[in-house]
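As structure tokens, the structure follows; a few thoughts come after it.
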Amino acid sequence: MAKAITAPLPAPHGHTAAVVKAAEPPRELAREPLVLNNHSLGWITNAIAGICENPMPKWWLPAFVFSAGGATMMFALIAYLISTGIGVWGLNQPADWAWDITNFVFWIGIGHAGTLISAVLFLLRQKWRTSINRAAEAMTIFAVVCAGIFPVIHTGRVWFALLWLPPIPNHMDVWPQFRSPLLWDVFAVSTYGTVSVLFWYVGLVPDLATLRDRAKTTLRKFFYGFFALGWSGSNRHWSNYEKAYLILAGLSTPLVLSVHSIVSFDFAVSQVPGWHTTIFPPYFVAGAIFSGFGMVLTLLLPMRTLFKLEDIITVRHVELMCKVILATGSIVGYAYGMEFFIAWYGGSPYELWAFLRNRVADPFIFGPLFKVPPAPYWWAYWMMISCNVISPHLFWSKKLRTNMVLVWLVSIVVNIGMWFERFVIIVTSLHRDYLPSSWGYFNPSWVDICTFAGSFALFMTLFLLFMRFLPVIAISEVKGVTPQADPHHPLGGAKGHH
Amino acid sequence: MTWFLSLLACAGLFAFSSVSVGAAAEHDTAAPTVHTDASTATTNTPEGTSDHHEAAPPSLGQQFLYSYLTAYMFCLSIVMGCFFLVLIHHMFDAAWSVPIRRVTEQVACLIPVLGLLALPLLIFAPSVFPWMNIDPATDHALNVKKAWFNRPVWTVILALIFSLWTFMAFRFRSWSIAQDKDGAAIWTRKARVQAAWGIFVFAFTLTAVCFSLMKSLQYQFFSTMYGVYYFAGSVWTTLITMYVVTLWLSQPGRPLEKVIFYRQKHDLAVLFFGFTVFYAYIHFSQYFLIWNAAMPEETFWYVDRERGSWKWVGMLILFGHFIVPFVILLNQDIKHNLAVMLPIAVWAWLMHYVDMTFNVMPVLYPRGLHLTLLDPLCWFGMVVFLGGVFWKNYLKAAPYPLKDPRLLEAITHHEIPAASQPAAHR
């Protein structure tokens with residue numbers, strides 16, 4: 001039976017203190033602590049700082065060489081593309097946007113979870129973010145790097161694009177097209193990337209100082225000391241740090257919404273059936289968070305095992321991330337449903353065609369049901385639905401969302417699904433123009449495929465370097481959410497419970 | 001500040017009323033206007049004719065039904081907003097909202113009352129919904145959706161949805177009251193399971209109801225965002241309503257005095273601020289994408305709302321629904337300054353009512369805002385009636401969940417690992 005506690009209540013802001021009887025939660029509803037096994041603060045520092053202080057495990061070097069090799073291949077293919085022309089890709093008329101823009105939107109989406117975890121969850125005072133925010137923020141920055149590559153190389157003549165994209169005053173008085181969402185992308189993504197780096201760096205400062213103070217070599221002491229900006233942990237430093245972090249969180253939050261909203265404008269401002277739909281902005285944001293959390297799980301689940309961080313990145317953290325995936329996946333499912341519903345409700349034959357005959361109609365069920373021939377890309381649409389709408393619902397089961405192997409597999413499925421979502425939006429809407437004489441079919445070339453694979457390799461290379469040199473978990477923030485750090489906590493340090 | 005904002009609200013209301021009533025009166029007898037956009041949009045009249053703008057002013061009965069519908073959509077917003085708060089409370093296993101949950105549960109239980117209040121709209125539907133007077137065979141936009149937009153199916157769907165909502169809302173409340181007796185976890189689990197499937201029901205059915213009762217007034221219009229738009233405004237209004245109700249109930253000697261603290265009021269105000277931005281984001285996105293694509297079958301809806309004084313109503317929504325509360329609520333401390341928050345609440349109710357008017361009334365008065373005494377009377381009558389039913393039923397049970405497993409966490413700010421938790425997890 002739950003034990004009754006008479007809780008002496010705080011009386012902030014002039015409230016009269018009151019006393020009310022409340023019971024401890026029953027055992028089955030008790031919340032797991034955010035750091036398991038009541039470890040000391042010193043243990044937390046050793047566990048996290050030790051990763052980048054000690055020699056890396058044996059798997060790290062082969063993984064790094066493999067990833068760096070893949071990234072090199074990507075840069076070689078980019079050189080080949082620039083020297084030869086966009087014809088080395090599988091683009092055609094009418095599918096003149098395909099894998100490249102799909103990859104761009106995919107990577108931008110991946111880059112959303114980091115800032116969401118850091119900023120939005122911080123503003124919402126969600127303490128569970130502390131174990132995962134550092135790695136997610138790093139992932140964000142690396143994903144933005146990967147994302148930025150594709151639209152730039154799509155222009156073909158990259159050296160011109162770098163001059164055309166920013167509004168640089170020139171003697172010809174030629175300016176970018178400010179009414180184009182593609183230009184808004186330039187500002188949105190670059191702003192997002194800049195603020196994300198700043199946010200990441202500000203959060204790193206106390207931990208860099210910890211690494212500086214623990215450094216055993218002069219070189220490490222110099223570099224960590226240089227980037228720690230003279231942090232001494234004084235009250236004044238912490239006060240300034242907290243303010244800066246809050247301000248950056250406030251700035252980052254609208255950016256999280258704006259970046260993917262603007263990416264969605266690339267499509268939604270047009271009149272192309274399948275692209276022009278008003279729900280695109282929030283739907284893209286939800287999809288980005290969905291895929292971002294998918295990638296966070298894909299990276300963190302092996303990391304917590306390989307570096308034995310199970311007590312810091314706990315099953316509770318994994319479960320909570322699964323729930324975010326479930327929620328955002330459901331929002332995405334609602335958007336898919338609304339798109340199809342409005343295609344019917346609106347009565348536009350073009351819109352209905354784009355959804356039914358270009359996407360949904362498969363050879364087995366919906367094609368025969370609606371008496372229409374199978375859509376050329378029906379397999380891509382149903383791959384998207386299976387991965388994004390159906391697979392997250394496995395997470396309703398506590399048993400399944402606490403099975404780390406299954407969660408990891410579903411996180412990969414989510415990423416596959418979200419890549420397909422962008423592919424479906426872009427290619428299935430373009431490959432059939434209004435006139436049947438302008439119909440085509442997109443097939444990726446080997447350069448398309450290898451460049452995309454190379455972007456994953458670049459992403460992994462950067463992430464492996466991050467693991468090698470920086471603390472993968474925010475040491476100071478994790479310590480801050482332990483009961484020991486809170487003298488007012490019923491189990492806190494002042495009560496002598498640990 | 002209080003007086004200033006109140007005066008501002010009143011001045012704005014009367015200014016619009018006096019200016020546009022004159023304008024509307026003039027226009028109602030003036031030369032007809034023409035829908036310059038989608039040809040289908042010209043059927044947009046309660047009489048089902050294509051030349052509504054030449055028609056005589058609406059009858060008293062029709063005016064009453066439209067005022068009633070506007071007030072109804074306003075009240076439905078708050079009731080469904082509270083239902084949503086109950087759902088997400090259980091979905092997120094939240095603690096902070098435990099002390100106010102009994103209030104939200106009881107407001108959600110007004111759903112069957114709202115179902116009864118919908119009867120005039122259902123009985124006199126042909127006087128409200130233009131499409132009921134049109135032969136689908138003569139109108140493509142109606143013909144494609146005639147499977148839903150025919151009176152029997154439309155009515156049955158609404159009845160089923162209200163029945164389902166009632167079923168869910170009463171189950172939440174009965175489990176919550178049952179937990180007051182034994183504090184057992186089973187009631188929390190039951191509510192959580194229902195919230196899990198209920199959130200899907202909520203999303204799709206709320207969309208269907210706002211399509212049925214509000215969007216169908218101009219059935220030619222379509223927007224995938226419309227359901228989210230109504231949802232965003234509803235939760236926005238609900239949060240400030242809950243702020244005021246919570247504040248009132250937590251005064252000395254009132255039922256929630258011992259369990260409501262700084263935290264609950266702060267969280268409600270912060271969420272209200274968040275939804276101020278979310279609503280603006282949603283409405284801007286809908287407007288911007290329709291404006292940018294400039295497709296007549298969509299733009300006509302906003303063109304109608306930029307005609308005459310409706311344009312200024314739109315501007316009022318832009319500034320009053322977003323910019324004013326956004327700028328004021330940026331300050332953290334102000335969220336506890338009652339001299340500001342109470343006028344903000346009154347302002348928010350007014351803005352949400354204006355938003356509902358912006359959706360409903362251009363169908364009846366296409367040339368500009370036209371306020372009549374029936375508008376405030378319907379609103380006031382419905383709010384007072386629903387408020388009375390709420391208060392009567394709220395007092396029948398404990399004012400807050402007495403033995404909720406998260407009550408301790410809600411009132412102490414800390415997650416409490418159970419004493420019986422295994423040592424390895426301590």
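Contact of A:F341 with chain B is made through the side chain alone, with heavy-atom distances under 4.5 Å. Contact annotation for A:V285: only side-chain heavy atoms (C-beta onward) come within less than 4.5 Å of a heavy atom of chain B. The contact between A:T277 and chain B is made by backbone and side chain atoms together, counting heavy-atom distances below 4.5 Å. With a threshold of 4.5 angstrom between heavy atoms, B:A232 does not approach chain A through any atom at all. Only the side chain of B:F288 has a heavy atom closer than 4.5 Å to any heavy atom of chain A.
Between chain B and the options A:R179, A:K323, A:Q271, A:E339, the largest number of non-hydrogen pairs under 4.5 Å is found for A:Q271. Listed options B:D93, B:V270, B:D404 were ranked by heavy-atom pairs under 4.5 angstrom with chain A; first place goes to B:D93.
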Set out, in order, the CA-CA distance, both residues' side-chain angles and the distance that settles side-chain hydrogen bond (donor to acceptor under 3.5 Å, both in side chains) for B:Y302 and B:Q286, then state yes or no.
CA-CA 10 Å; B:Y302 277 111; B:Q286 176 172 280; 2.9 Å; yes
Go through the steps for B:W131 and B:F149 under the test ring-ring contact (aromatic ring centres under 6.0 Å, His included), then give the verdict.
CA-CA 8 Å; B:W131 57 266; B:F149 278 26; 4.9 Å; yes
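Every residue meeting the side chain to side chain donor-acceptor pair (under 3.5 Å) condition with A:W275, not counting sequence neighbours, appears here in chain and number order: A:S429. Listed by chain and residue number, B:K146 satisfy the side chain to side chain donor-acceptor pair (under 3.5 Å) test with B:N143 (two or more places apart in sequence, or in another chain). Scanning for side-chain contact (heavy atoms from CB on, under 4.5 Å) contacts around B:S97 gives B:H89, B:A94, B:I100, with sequence neighbours left out.
A donor and an acceptor atom, one from each side chain of A:E351 and A:H276, are nowhere located under 3.5 Å apart. If you check the side chains of B:H283 and B:Y287, you find no donor sitting under 3.5 Å from an acceptor.
Within a 6.0 Å radius of OH in A:Y434, other residues, nucleotides and ligands contribute more than 12 heavy atoms.
You'll find the side chain of B:E409 stays beyond 4.5 Å of the side chain of B:V98, heavy atoms only.
Near-neighbour residues of residues 196-207 of chain B relative to chain A, defined by a heavy atom under 4.5 Å from a heavy atom of that chain, comprise B:A196, B:F200, B:A203, B:F204, B:T207.
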